[in-house]
Amino acid sequence: MASAHATSPLIQCTNFHTNKPLWMSSPSYTHLLTHPSLFPLLQTCKSMRELHQIHAQILTSGFSHNPYALSSILEFTAISPSGSLDYALQIFNSIDSPTVFYWNTMIRAFSTAHSPLNSIEFFIRMMEQGVVPNKFTFPFVIKSFSFLLALLLGKAIHGLALKMGVDSDAYVNSSLIRFYSNCGSIDDALLVFDRRSKRNAVCWSAMIAGYAQANLFKEALLLFNEFQMERLEPNEAILVSVLSACAHLGALEQGRWVHVCIERNKVLLSVNLGTSLINMYSRCGYIDGAVIVFDQMPQRNVLTWTSLIMGLAVNGLCNRALVLFEEMLDVGLRPDSITFIGVLTACSHGGLVNEAQHQFDRMMREFRIVPKIEHYGCMVDVLGRAGFLQEANDLIENMPIEPDTILWGALLNACIVHKNVVLGEKVGRYLIDLDSQNDANYILLANIYAYVRRWGDALEVRKLMKKRGVRKCPGCSVIEVNGVIHEFFMSDKSDHRALELKPMLDEMVQRIRAAGYVPNTSQVLLDIDEEEKEQALCYHSEKLAIAYGLIHVDPKVPIRVVKNLRACVDCHTATKLISMVFGRQIIVRDRLRFHHFKGGECSCMEYW
Ligand code: ZN
Ligand code: ZN
């Protein structure tokens with residue numbers, strides 16, 4: 001970068017990869033640089049007020065057509081956070097024939113200000129006026145198409161970039177990768193990524209984030225492993241994406257590795273990065289790790305506190321979550337609506353009905369936060385867990401916003417746990433019509449019938465589900481061993497791993513049977529038809545993952561399993577006994593919460 005750049009914060013802050021216009025070497029530019037008062041002023045300008053003064057001075061000293069002065073003013077007003085796009089527009093309109101540099105500044109400004117249509121309009125006008133776009137134009141035009149999720153138009157711009165020969169530029173590439181992943185076209189993103197032989201951290205970052213965004217977490221981690229082999233230094237964006245992938249998968253070992261990587265590379269533990277670490281440790285069920293990071297962070301914001309409160313809550317450490325919330329208030333931070341979801345979740349997991357009511361009122365009165373559907377969801381959960389089913393039902397029917405299916409689902413869940421068939425049937429019947437394509441509702445309703453041995457009704461629900469073409473979402477459990485993710489599905493027994501696991505599965509069942517396990521086949525009927533019920537239970541994905549863990553995970557370390565669905569009653573009972581007879585700590589994260597199994601007990605206290 002030229003030394004003039006290095007000394008000018010004005011240009012430096014806006015100079016997105018050395019977009020250096022030719023006039024920088026012109027006499028008028030050097031003249032201005034040596035101007036005793038204007039140059040230093042432009043250099044340090046911080047507000048629109050100051051800029052107005054400088055602009056006035058420039059006009060009176062005859063520099064109004066000086067390209068350096070013009071472009072500096074345009075950049076400040078268009079792009080600086082304290083600038084003004086309206087003012088930039090006036091300046092732009094006063095320029096006779098704007099060069100590509102001026103056009104790029106405006107296209108970028110609108111794209112950054114989330115005005116994609118204006119940005120695209122400027123691009124079209126520029127093309128109409130015969131100004132040839134360059135590699136600095138494309139990233140922001142593509143970003144604008146990305147906002148609009150305009151896949152076809154964006155593809156046309158991609159074609160144009162190829163034609164102009166700027167597609168080899170790393171920034172053009174990374175914006176294309178981001179564009180295709182945003183539009184849900186991950187294969188196209190991968191094509192762009194793969195076509196490049198030399199990739200910089202920005203391209204890697206875009207592709208890893210693309211995978212994470214498309215819920216392809218395993219692929220994100222595999223790509224991160226490849227990235228590390230290139231010996232490039234990871235940037236914060238990559239680390240945040242990878243941590244989010246680890247959090248989703250419950251991949252604690254990889255997540256820890258990222259933490260080591262952060263420490264080894266002496267990456268500054270920013271609020272964003274620290275909060276991602278807290279989130280990763282909490283979602284992997286290793287709450288002590290989250291607390292350590294929290295304590296080490298030099299700066300924390302509301303999101304940081306909220307992440308730890310939520311982490312403590314879902315891991316069953318309800319009182320600690322509530323104490324932390326009070327500490328957060330003591331340091332003068334103002335909770336937001338998400339913080340209160342954490343607080344209410346803590347109350348729910350701890351069965352604290354009065355405390356929940358108190359916090360709910362406090363949220364509205366003291367902090368003037370209007371409750372959203374999620375807050376009502378927590379309240380239904382609190383009431384349902386404590387067995388106040390009628391109160392939960394009344395709350396749903398009388399709340400000021402339209403209840404959603406999740407809320408009714410929470411009530412149905414509570415009806416099952418408390419075996420309230422009358423209300424459960426009513427809610428269940430209502431739900432399968434309201435949300436007729438959601439398999440979970442049919443299964444919950446059928447389970448209610450199964451509990452009271454109304455097999456005919458259970459069968460009828462199953463038939464209805466089939467008739468409406470609703471397929472049961474296959475159960476999937478994930479376990480990480482030595483940094484490798486293993487996925488288990490409800491097995492067809494030809495899977496070679498199921499054969500490998502058979503002896504361990506047999507041993508598991510034998511030993512827990514001796515400890516009093518009776519298979520609970522009441523929930524099997526919806527899972528599969530042809531298999532023998534008990535056999536089928538044995539091949540539930542979490543049992544396969546736990547068996548794999550018993551063989552491959554160091555006995556001193558807990559076995560951690562992440563499941564995509566709600567844990568079934570049989571697996572829950574079996575896992576409690578396995579934790580006892582094998583003397584192992586087993587941590588299962590299901591769709592909603594954690595189950596920490598130890599010595600035959602579970603932290604969820606039988607409510608999930
Ligand atoms: Zn199960
Ligand atoms: Zn549990």
Side-chain angles (χ1 to χ4, degrees), residues 250 283 285 287 312-318 345-346 348-351 381 384-386 410 413-414 416-418 439-440 442-444 446-447 450-451 472-479 487-493 495 498 501 504-505 508-509 512-513 517-528 531-550 558-580 584-608:
R283 297 208 57 199
I287 196 69
L312 289 164
V314 292
N315 279 283
L317 299 163
C318 317
T345 304
S348 165
H349 282 52
D381 217 42
R385 177 185 274 258
N413 202 14
I416 290 191
V417 175
H418 293 286
D439 61 322
Y442 293 90
I443 291 161
L444 287 177
N447 283 350
Y451 275 129
K472 186 177 181 293
C473 170
C476 169
S477 295
V478 173
I479 181 168
E487 275 174 319
F488 291 90
F489 293 91
M490 170 93 165
S491 176
D492 62 317
K493 283 183 249 161
D495 183 340
L501 292 176
M504 179 48 89
L505 286 168
M508 253 165 58
V509 173
I512 59 178
R513 263 184 194 276
Y517 167 72
V518 181
N520 182 337
T521 53
S522 66
Q523 290 184 14
V524 176
L525 83 166
L526 278 175
D527 292 334
I528 37 173
E531 299 291 348
E532 245 243 302
K533 286 181 178 177
E534 281 185 27
Q535 271 290 73
L537 279 176
C538 196
Y539 283 89
H540 274 191
S541 66
E542 59 261 62
K543 291 206 188 78
L544 296 176
I546 290 169
Y548 192 85
L550 286 172
I559 296 170
R560 293 163 198 277
V561 173
V562 173
K563 192 178 182 209
N564 64 338
L565 306 174
R566 180 177 177 269
C568 87
V569 176
D570 184 74
C571 285
H572 197 267
T573 314
T575 311
K576 280 198 294 188
L577 291 168
I578 294 167
S579 76
M580 183 176 75
R584 298 290 297 256
Q585 196 185 340
I586 303 169
I587 301 167
V588 178
R589 186 180 93 200
D590 74 7
R591 202 167 43 88
L592 287 177
R593 48 176 60 82
F594 281 91
H595 302 268
H596 291 257
F597 295 97
K598 202 177 168 186
E601 300 285 329
C602 179
S603 64
C604 76
M605 300 186 294
E606 303 306 305
Y607 189 98
W608 72 94

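In listed order, ligands and their atoms are each counted from 1.
- The atom name of the N/O/S atom in His540 closest to the Zn ion (ligand 1) is ND1.
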Verdict with reasoning, Arg566 to Asn413, per side-chain contact (heavy atoms from CB on, under 4.5 Å)
CA-CA 10 Å; Arg566 180 177 177 269; Asn413 202 14; 3.0 Å; yes
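- For the pair His572 and Glu606, the minimum side-chain heavy-atom distance is below 4.5 Å.
- For the pair Phe594 and Ile287, the minimum side-chain heavy-atom distance is 4.5 Å or more.
- Vertex the Zn ion (ligand 1); arms to Cys571 atom SG and Cys568 atom SG; angle 110° (nearest 10°).
- Any protein N/O/S atom under 2.8 Å from the Zn ion (ligand 2) was counted, giving 4 altogether.
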Test log, rule side-chain contact (heavy atoms from CB on, under 4.5 Å), inputs Met580 and Lys576:
CA-CA 7 Å; Met580 183 176 75; Lys576 280 198 294 188; over 6 Å; no
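- Judged as a side chain to side chain donor-acceptor pair (under 3.5 Å), and not counting sequence neighbours, Glu601 has no contacts.
- Using a distance-only test at 3.5 Å, with no hydrogens or angles considered, a donor-acceptor pair links the side chain of Asn564 to the main chain of Pro474.
- Across Lys543 and Cys571, no two heavy atoms sit closer than the pair NZ-SG, 3.4 Å.
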